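Just below is one structure, and these are the notes that go with it.
Being a predicted model, the structure only gives us computed values, none of them experimental. Side chains are part of it too, since the values below use all heavy atoms of this structure and drop only hydrogens, waters and symmetry mates.
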Number of protein chains: 2
Amino acid sequence: MTVGDRRTTLADVAAAAGVSVALVSIVMRDAPGASAATRERVLEVARRLDYQPDSRARLLRSGQSRLLGVVFGVQHPFHDDLLTGLYDAAERIGYELTLSAVTPRRDERTAISGLLQDRCAALVLLGPQIPAAELATLAGRLPVVAMMRAVRQRQVDVVRTDDARGMHLAVDHLVALGHRNIAHVDGGRWLASAERRQGYRDAMRRHGLEAYAKVVNGGFGEEDGARAARELLDDPPTAVTVFNDLGSTGLLDVLRRHGRAVPGDISVVGYDDSSFSRLAHIDLTTVAQDIETMATLAVARAVERIDGTRVAHREMVIPPRLVVRGTTGPAPA
Amino acid sequence: MTVGDRRTTLADVAAAAGVSVALVSIVMRDAPGASAATRERVLEVARRLDYQPDSRARLLRSGQSRLLGVVFGVQHPFHDDLLTGLYDAAERIGYELTLSAVTPRRDERTAISGLLQDRCAALVLLGPQIPAAELATLAGRLPVVAMMRAVRQRQVDVVRTDDARGMHLAVDHLVALGHRNIAHVDGGRWLASAERRQGYRDAMRRHGLEAYAKVVNGGFGEEDGARAARELLDDPPTAVTVFNDLGSTGLLDVLRRHGRAVPGDISVVGYDDSSFSRLAHIDLTTVAQDIETMATLAVARAVERIDGTRVAHREMVIPPRLVVRGTTGPAPA
DNA sequence: ATGAAAGCGCTAACAT
DNA sequence: ATGTTAGCGCTTTCAT
């Protein structure tokens with residue numbers, strides 16, 4: 001079963017329908033300039049021959065690609081949801097998406113380079129880790145929208161969550177439940193860590209609780225949360241806000257193994273609303289980002305840049321919301 | 001900041017380097033036929049001009065694409081790991097990957113159609129849900145490798161896990177721990193469900209335990225597992241094998257809420273080795289598929305078909321392995 | 001409404 | 001080793 005069969009081309013359809021290729025092209029693109037009768041006949045023939053337009057030739061000739069390149073990280077919380085939203089938004093606006101994944105053995109530069117060769121009209125990067133300067137250089141070549149990450153460089157558009165506000169929501173919620181001794185496990189060198197940490201500090205100050213403010217070193221993974229939990233057990237607070245959901249599960253596990261009831265003794269708030277945080281087992285109170293809005297805005301912005309539309313704000317900072325589940329409750333008496 | 005700047009082309013590089021485009025092409029493709037000096041000079045110029053080859057033009061002209069189309073499902077267990085493995089395998093063999101996602105609002109047909117227009121040389125489908133007949137039709141147009149799913153049609157290549165064997169491993173493990181009263185929560189109408197269920201039945205029979213064999217209706221989700229757990233509580237077995245990890249967590253949660261100790265009273269085995277099954281909280285004994293081998297085989301097979309190589313077996317069935325964690329233990333006395 | 005012809009950026013034959 | 005030329009499948013003038 002060798003596969004040597006050349007695919008059906010415009011010319012084949014034209015020949016079979018007894019018209020010129022130009023006319024078939026018009027019909028396939030649904031462009032004006034063909035009679036209804038011809039249109040129908042051509043479409044019929046195309047269907048019969050199982051014709052599929054060659055997007056490469058199409059884009060090559062027409063010069064502009066209506067193609068958005070998306071770099072996403074395999075195994076990152078909510079990148080899947082983000083992709084879903086991006087596909088929706090792109091479809092609504094008549095653009096195609098082409099994906100390039102970052103894996104443990106395929107770095108961001110490789111992923112981006114592939115998209116450049118595909119001649120995307122713009123790039124949407126989900127939580128890019130490369131230096132801001134590099135992003136700026138890239139943005140000199142084509143529009144770049146960075147998501148889930150702050151970038152100072154003015155060449156780069158940004159759609160991200162108001163992480164400080166996310167921590168305010170978390171702390172406000174805990175304070176409303178009567179907590180005062182609230183600690184924070186941060187994300188270490190991770191990108192959004194600084195802003196979340198600062199948001200936590202500000203929120204504590206706003207409530208006049210700076211005396212209780214306490215930041216413990218954490219990280220991205222479950223083990224980081226577990227380590228932080230062991231550290232906190234010496235002098236346990238009544239509530240903890242954690243950099244992300246993964247860390248929260250590690251922390252929860254250690255707390256429970258040491259006989260602390262959650263939320264009876266200690267309340268815990270995560271960040272990300274990861275899919276596993278919804279599992280009945282875990283049932284984590286957490287800060288959710290507004291994925292759908294962000295995806296829509298990112299695509300809209302990319303297209304604006306492609307079209308050369310003037311935009312008011314380079315950076316779009318979206319408020320998150322708190323999802324209250326079972327790991328938070330009234331402060332112990 | 002309008003983006004009207006035409007991208008650098010081969011011709012630009014040729015002009016700047018003072019050579020013909022053909023020569024630049026030779027250098028860029030690392031093909032024989034250029035002096036070392038020229039090679040170096042051209043590469044230098046290309047770097048300076050930030051030249052990126054246009055993959056569309058390249059593929060269009062060269063007629064063959066060295067491009068593998070991959071359809072994956074957003075939010076499916078281990079599809080991420082699979083992508084990682086596929087990228088590795090493709091890179092080793094000099095092929096590119098182009099991804100197309102299935103999302104809640106973007107179906108498989110749409111995803112496939114996009115790849116067809118990109119003129120992929122072959123398709124790799126992760127757990128395709130479309131009817132086998134449709135897969136066969138598709139395979140008439142280009143090589144198609146289906147992963148994680150059995151397909152009878154002989155046009156379609158298959159790389160999948162020996163699911164029956166997976167259940168044997170689970171049951172053997174439980175029997176070795178002294179269990180006899182072992183139930184199975186199946187996956188309902190889900191694709192691999194029938195084979196896993198049958199595997200369970202066979203394994204029970206092999207151990208002379210058909211009298212204890214009991215299959216409960218389940219499904220793909222956590223709630224399905226929870227429902228099954230409630231049903232099982234009337235006359236609880238000492239161990240349960242579940243269709244997948246997600247169902248297992250639902251089941252585990254209900255069991256614990258009803259005061260059953262796991263694995264003290266009841267042992268539980270999942271299926272998939274999903275990322276969350278490793279969480280300390282969940283720590284689920286589960287059946288793991290050999291992702292890396294499967295990815296390598298799928299890519300190899302796709303390339304064999306593209307090259308017209310004769311292959312011995314259309315279907316490659318890979319043995320899974322059991323990952324023993326904390327949800328299984330000795331049968332209660 | 002329809003067709004002829006040029007050309008997008010590249011590779012592959014075939015010169016030299 | 002290097003250059004010239006044709007053409008991949010399509011879209012886009014420009015004719016008719």
Which pair of heavy atoms, one from A/V74 and one from A/A101, lies closest together, and at what distance?
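Shortest heavy-atom contact: CG2-CB, 4.5 Å.
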Do A/R61 and C/dG7 have a side chain to base donor-acceptor pair shorter than 3.5 Å?
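Yes, a donor-acceptor pair under 3.5 Å.
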NA contact type, [X], heavy-atom cut-off 4.0 Å: base, sugar-phosphate, or nothing?
{"X": "A/A22", "value": "base"}
{"X": "B/S25", "value": "base"}
{"X": "B/G33", "value": "base"}
{"X": "A/R29", "value": "base"}

Which residue, B/G18 or A/V24, contacts DNA chain D at a nucleotide closer to its 5' end, judged by nearest heavy atom?
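Looking at DNA chain D, the more 5' nearest nucleotide goes with B/G18.
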A/S62 or B/R41: which one's nearest nucleotide on DNA chain D is closer to the 5' end?
B/R41
Rounded off to whole Å, could you give me the [atom1]-to-[atom2] distance for the [X] and [N] pair?
{"X": "A/E40", "N": "C/dA1", "atom1": "CD", "atom2": "C1'", "value": "16 Å"}
{"X": "A/R58", "N": "C/dG7", "atom1": "CZ", "atom2": "P", "value": "22 Å"}
{"X": "B/L60", "N": "C/dG7", "atom1": "CG", "atom2": "P", "value": "17 Å"}
{"X": "A/L10", "N": "D/dC10", "atom1": "CG", "atom2": "P", "value": "4 Å"}
{"X": "B/R56", "N": "C/dT11", "atom1": "CZ", "atom2": "P", "value": "13 Å"}
{"X": "A/I26", "N": "C/dA4", "atom1": "CD1", "atom2": "C1'", "value": "13 Å"}
{"X": "B/Q117", "N": "D/dC8", "atom1": "CD", "atom2": "P", "value": "21 Å"}
{"X": "B/R7", "N": "C/dG9", "atom1": "CZ", "atom2": "P", "value": "11 Å"}

Would one find a side-chain N or O of [X] under 4.0 angstrom from OP1 or OP2 of [N]?
{"X": "B/Y51", "N": "C/dG9", "answer": "no"}
{"X": "A/S35", "N": "C/dT2", "answer": "yes"}
{"X": "A/T38", "N": "C/dT2", "answer": "yes"}

Using atom types as modelled and distance alone, determine if a side-chain donor or acceptor of A/S55 lies under 3.5 Å from a backbone N or O of B/Q117.
yes
Is the backbone of A/E292 close enough, under 3.5 Å, to the side chain of A/T296 for a donor and an acceptor to pair up by distance?
yes
Atom CD of A/E108: over 12 foreign heavy atoms under 6.0 Å
yes
Heavy atoms from C-beta onward define the side chain here; which of C/dC10, D/dG3, C/dT2 lies closest to that of B/L23?
D/dG3
Check the orientation of A/H76 and A/W190. Use parallel for under 30°, tilted for 30 to 60°, and perpendicular for over 60°.
parallel
